[in-house]
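No experiment lies behind these values; they were computed from the predicted model shown.
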There are 2 protein chains.
Amino acid sequence: MLSIGELSRRTGVKVPTIRYYEQMQLINAPERSTGNQRRYFKAELNRLSFIKHARDLGLKIDDIRELLTLSAHPEQPCASANQIAANHLASIRSRIAQLQRLEAELARMAEGCDADCIGNCYVIESLSNHSLCTESH
Amino acid sequence: MLSIGELSRRTGVKVPTIRYYEQMQLINAPERSTGNQRRYFKAELNRLSFIKHARDLGLKIDDIRELLTLSAHPEQPCASANQIAANHLASIRSRIAQLQRLEAELARMAEGCDADCIGNCYVIESLSNHSLCTESH
DNA sequence: TTAATATCTATAGAAACTATAGATTTAAAT
DNA sequence: ATTTAAATCTATAGTTTCTATAGATATTAA
C-alpha cells in the first residue's frame, strides 16, 4: 500500500492533483488508514500513469474519463477509443510542428543574441516576425 | 485602422482574448471610433503576433510582459531577454520530445487497433504502459 | 432605411490545477 | 515511550488563461 505522497513521487502527479482527480472521479476513492489517510494499491500506479500520459498528450479530463469508462466495459467495440485517439493525433502533430518551428527560432535567438542592448536584440524582433509561420493568420 | 475583429482574424487571437490582453496590459488601450469601438493601428499586428508566438511557445503572460517591457527600454543590456529565451528553450525541447514519444504511441494505436472489443484494444493498454517513458517517475 | 453583423461593458463560468489554514497522523529519533 | 518533524486530512479560496452570456449600441451592406 502506498501513501498519497509515494504515489505522487512515483507518477509525477502532485499530491493535491491526485486528490483533485479523485474528486473528478478519474480515480476511485482509495482505502484509508486507521488515521484516515489514503492508502493505495500498486494497481493505482497504472491508472494514474495512464491519466498522466493522457494529460501530457493534451487529452481533456472528460475524454480521459471516457476512455477509462470504456476500458471498464471490455465487451464494447473499441471504435470509440480508437476514434478518441485518432482525433487527438492530428492536433498533437500540429502542436509538435509548431513547437519545432518556434524551437528553432528560440535556439537561434538564445545563441545569436550577442548584442549588448535590447535595441539590437534578436529575441524581441524574432518573436514578432511572421516569416516562420505556416499558419494562415 | 483595424477593428478588433480584423485584428483577430489576422493574428488568430480571439476577440475576447484581445480584450483580455488589453486588461492584462499586454497591449495598450487603442483609439476608439466615434461609436466607442476599438480601432487599431497596423503596428498592433506585430505586438499581438509576438504575444501569440510567445504563448504558443509556452511563455507565461508575466514573462511576455517582461519581454515587452524590456523591449521598450532598448538602452538596457539584453542579457535578461536572452535569459528568458534560454530558460524556455530547454522546457520547449523536452516538451517536444515527450510529445513525439507519445505521438508515436498514439499513431501506432490509431492504426493498430483492429481488435473489435475493448478487451484487446491497444489504446488503453499503451497509455498505461511505461516502457516509452524516459522520465524518472 | 432597414436588417444583419459586429462591438461594447460587465459579469459569470470553465478547466485544471495550486495554495492556505488549522487540525490530525505517522515515522524517525531520542 | 516520548517527542518532534514531516506528511496528511478537509474545506475553502485563489490562480491562470481564457470563454460565454446578456443586454445595449454601432457599423456595414443591400
*Asks:* Scan B:R32 against the nucleic acid and name what it touches under 4.0 Å (heavy atoms): base, sugar-phosphate only, or nothing.
*Replies:* sugar-phosphate
*Asks:* Provide, to the nearest angstrom, the distance between the CZ atom belonging to A:R38 and the C1' atom belonging to D:dT10.
*Replies:* 9 Å
*Asks:* For A:S33 and A:Y21, find the nucleotide of DNA chain C closest to each by heavy atoms; which residue's nucleotide sits nearer the 5' end?
*Replies:* A:Y21
*Asks:* Could you check how far CD of A:E6 sits from C1' of C:dT26, rounded to whole Å?
*Replies:* 12 Å
*Asks:* Without decimals, in angstroms, what is the distance between A:L48 CG and C:dC17 P?
*Replies:* 11 Å
*Asks:* In whole angstroms, how far is the C1' atom of C:dA14 from the CG atom of A:D62?
*Replies:* 11 Å
*Asks:* Can B:V13 be reached from B:M24 by stepping across I, L, V, M, F, W or Y side chains whose heavy atoms are under 4.5 Å apart?
*Replies:* yes
*Asks:* Looking only at the side chain of B:Q37 (C-beta and beyond, no hydrogens), which of the listed nucleotides C:dT26, D:dT19, C:dA6 gets closest?
*Replies:* C:dA6
*Asks:* Side chain of B:R55: nearest nucleotide among C:dT7, D:dC18, C:dC17?
*Replies:* D:dC18
*Asks:* Please give, in whole Å, the distance from D:dT17 C1' to B:E22 CD?
*Replies:* 17 Å
*Asks:* Taking only N and O in the side chain of A:Y20, is any of them less than 4.0 Å away from OP1 or OP2 of C:dA15?
*Replies:* no
*Asks:* Is the shortest side-chain heavy-atom distance between A:R10 and A:Y40 below 4.5 Å?
*Replies:* no
*Asks:* If I take atom CD in residue A:Q23 and atom P in nucleotide C:dA14, what distance separates them, rounded to the nearest angstrom?
*Replies:* 15 Å
*Asks:* Examine C:dT7: is either OP1 or OP2 under 4.0 Å from a nitrogen or oxygen in the side chain of B:R39? Give yes or no.
*Replies:* no
*Asks:* Rounded to whole angstrom units, what separation is found between the CD1 atom of B:I4 and the C1' atom of C:dC8?
*Replies:* 10 Å
*Asks:* In terms of the nearest nucleotide of DNA chain C, which residue is placed more toward the 5' end: A:K14 or A:G35?
*Replies:* A:K14
*Asks:* Using the side-chain heavy atoms of A:R19, tell me which of these nucleotides is nearest: C:dT7, D:dC9, D:dT17.
*Replies:* D:dC9
*Asks:* Write down the distance between CE (B:M24) and P (D:dT15), rounded to a whole number of angstrom.
*Replies:* 12 Å
*Asks:* Is there side-chain contact between A:I64 and A:F50, with heavy atoms separated by less than 4.5 Å?
*Replies:* yes
*Asks:* Here's a test of your reading of the structure: between B:T34 and A:N36, which maps to the more 5' nucleotide of DNA chain D?
*Replies:* A:N36
*Asks:* Take B:M1 and B:F41 through the test side chain to side chain contact (heavy atoms under 4.5 Å, CB included) and record every step on the way to the result.
*Replies:* CA-CA 5 Å; B:M1 302 293 274; B:F41 290 113; 3.4 Å; yes
*Asks:* Given B:R38, which of B:E6, B:E22, B:E31 fulfils the salt bridge (charged side-chain N to carboxylate O under 4.0 Å, His left out) condition?
*Replies:* B:E22
